[in-house]
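A quick note: this is a predicted structure, and the numbers were derived from the prediction, not measured. Computation of the quantities below employed the complete heavy-atom set of this structure, encompassing side-chain atoms and omitting hydrogens, waters and symmetry-equivalent molecules. Chain A is the first sequence line, chain B the second, and so forth, proteins listed ahead of strands; every chain is numbered from 1.
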Protein chains: 2
Amino acid sequence: MDKSAARSRTAARATPPLKTPVAAAEKRPRGRPRKTLDERDDGNRRLELITAAARLFRKKGFDATSTRDIAAAVGMHSGSPFYHFKSKGALLHAVMEEGMRSALQRQAQALQSAALPDGDAPALLRLLVRNHFGVLLGPGSDFIPVMLYESRSITARQRAVLTKLQNDYEAVWEPVLEALARAGQLKGPVKLARLLMFGALNWSVQWFDAKKSATLDDLTDAAMALFIHAPAQGKSSKALA
Amino acid sequence: MDKSAARSRTAARATPPLKTPVAAAEKRPRGRPRKTLDERDDGNRRLELITAAARLFRKKGFDATSTRDIAAAVGMHSGSPFYHFKSKGALLHAVMEEGMRSALQRQAQALQSAALPDGDAPALLRLLVRNHFGVLLGPGSDFIPVMLYESRSITARQRAVLTKLQNDYEAVWEPVLEALARAGQLKGPVKLARLLMFGALNWSVQWFDAKKSATLDDLTDAAMALFIHAPAQGKSSKALA
DNA sequence: CCTACCGATCGGTAGG
DNA sequence: CCTACCGATCGGTAGG
């Protein structure tokens with residue numbers, strides 16, 4: 001909205017001072033300056049756009065967010081996002097893909113740093129649930145909610161890319177859920193249990209309020225208590241692993 | 001899209017044949033014909049609009065559905081929905097309110113016709129879950145999904161109306177969940193358990209495919225198996241009721 | 001409920 | 001990445 005504020009943000013990033021019209025004509029070659037000598041923050045601007053878009057898409061929805069809103073949020077003018085993305089839909093897809101890659105990375109990292117034995121399925125599930133809540137509700141968590149609630153607005157081809165990433169994400173859960181089912185701690189068909197469980201977790205973006213009392217650990221405890229039954233009597237879950 | 005098709009639908013409803021310009025000028029009084037002698041389907045048109053809007057809002061989303069889409073779906077012209085609703089947002093709210101009133105009615109009816117004893121909390125929950133799946137996924141179930149996924153687009157005042165209806169809806173569940181918690185069959189804080197459970201159910205609109213194998217009864221079985229634990233050993237749940 | 005219309009906004013582009 | 005712009009579409013309304 002405020003052009004000077006937007007421009008000052010840009011100015012803080014760029015090395016040269018605010019250009020005079022003459023200086024601009026001299027120093028700025030026309031056409032697309034693909035690579036400058038000191039290779040500035042080319043990819044950074046793209047990520048800024050994605051981040052701002054994620055926040056706005058989550059807050060207002062994809063259709064209700066204009067590309068002008070997004071441009072203004074990063075101090076660009078209305079047409080400039082199309083220098084980085086060929087369409088509004090491509091930007092939405094980039095938000096989702098960035099979200100899934102980040103979620104996958106965080107999940108892998110959580111598993112690695114915990115170094116739990118494969119046999120301890122309940123502890124593994126707890127870790128996955130806690131990480132999932134972090135991805136959904138933690139700081140900077142706009143990407144995955146956008147993916148979950150705006151998937152209607154992407155093309156089939158774009159969705160295929162995300163589906164693959166989602167499958168990778170869920171693939172980590174599957175053996176854990178299978179082990180729990182064998183131990184009698186997860187009841188019912190595993191496939192339906194998984195869908196219902198993810199629903200319970202994903203829906204939390206609708207009601208969770210970080211300013212209220214419950215923490216993400218509280219949510220994790222509640223989810224585990226709800227889903228995971230006591231192990232079958234007289235059988236060690238270790239023996240089933 | 002096809003004007004003649006849309007009009008033929010209208011013609012089938014109205015008694016007189018397709019008007020000639022002259023006949024229209026003679027037979028149709030100008031201004032708003034509030035009540036005709038044989039009082040046609042005045043309120044019916046309103047409901048038709050709501051139903052068509054629900055279908056389109058669910059399929060494409062509120063923002064991506066134009067009032068022209070809705071008008072065309074019921075054989076009206078572009079400005080005519082505003083004769084029945086003062087704004088697009090009012091139409092959205094009407095869809096949601098109609099959905100909640102219908103859901104409440106179905107829930108009350110299900111409980112009444114089953115005539116279960118108050119002590120049988122698991123059976124009561126099963127009934128509520130099954131009815132909820134029917135409301136979400138059964139025939140003509142566009143209203144509640146729209147309410148669940150488009151609430152961002154209504155005003156605070158409109159939301160207050162729905163919140164009251166939602167509270168009435170959930171109020172029926174609460175004593176059932178409390179009884180199950182006392183019996184040790186529902187684990188964790190009841191409030192969080194309720195939120196997680198509704199999430200698991202509500203999320204099913206994202207993945208349930210009526211053309212595939214699972215039925216709503218299958219879903220109900222899976223949900224009950226997942227959420228409801230075996231009663232505590234040596235204690236009769238009857239004694240706790 | 002139709003006809004005819006309006007102002008606003010939007011995604012996107014040419015050209016530099 | 002900005003400037004200047006375009007065609008399309010949209011919610012809504014006057015007047016009958």
Measure from [atom1] on [X] to [atom2] on [N] and round the result to the nearest Å.
X      : N       : atom1 : atom2 : value
H84(B) : dT13(D) : NE2   : P     : 15 Å
Y83(A) : dG16(C) : OH    : P     : 17 Å
F82(B) : dA4(C)  : CZ    : P     : 19 Å
M76(A) : dA4(D)  : CE    : P     : 19 Å
H77(B) : dG15(D) : NE2   : C1'   : 17 Å
I70(B) : dG12(D) : CD1   : P     : 11 Å

Quiz item: Which part of the nucleic acid, if any, lies within reach of S66(A) when heavy atoms closer than 4.0 Å are counted: base, sugar-phosphate only, or nothing?
Solution: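 Counting heavy atoms under 4.0 Å across all strands, the contact made by S66(A) is with sugar-phosphate only.
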Quiz item: Tell me, which of residues 85-95 of chain A have any heavy atom that sits under 4.0 Å from an atom in DNA chain C?
Solution: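 Those residues whose heavy atoms fall under 4.0 Å from DNA chain C, taken from residues 85-95 of chain A in numerical order, are S87(A), K88(A).
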Quiz prompt | 5'-most by nearest nucleotide on DNA chain D - R68(A) or S80(A) | solution =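 That would be S80(A).
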Exercise. Respond yes when some side-chain nitrogen or oxygen of R45(A) is under 4.0 Å from OP1 or OP2 of dC1(D), and no when none is.
Key: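 The answer is yes; a side-chain N or O of R45(A) sits under 4.0 Å from OP1 or OP2.
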Self-check item: Full working for ring-ring contact (aromatic ring centres under 6.0 Å, His included) between W207(A) and F198(B)
Solution: CA-CA 11 Å; W207(A) 53 264; F198(B) 270 113; over 10 Å; no
Exercise. For the residue pair D217(B) and T220(B), confirm or rule out a side-chain donor-acceptor distance under 3.5 Å.
Key: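 There is no such pair (donor and acceptor under 3.5 Å, judged by atom type) between the side chains of D217(B) and T220(B).
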Exercise. Step by step, work out the side chain to side chain donor-acceptor pair (under 3.5 Å) result for W203(A) and Q206(B).
Key: CA-CA 11 Å; W203(A) 192 255; Q206(B) 300 268 15; over 6 Å; no
Quiz item: Between which residue ranges does DNA chain C form stems of three or more consecutive Watson-Crick or G-U wobble pairs, both distances under 3.5 Å?
Solution: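 Result, WC/G-U stems under 3.5 Å: C:1-16 with D:1-16.
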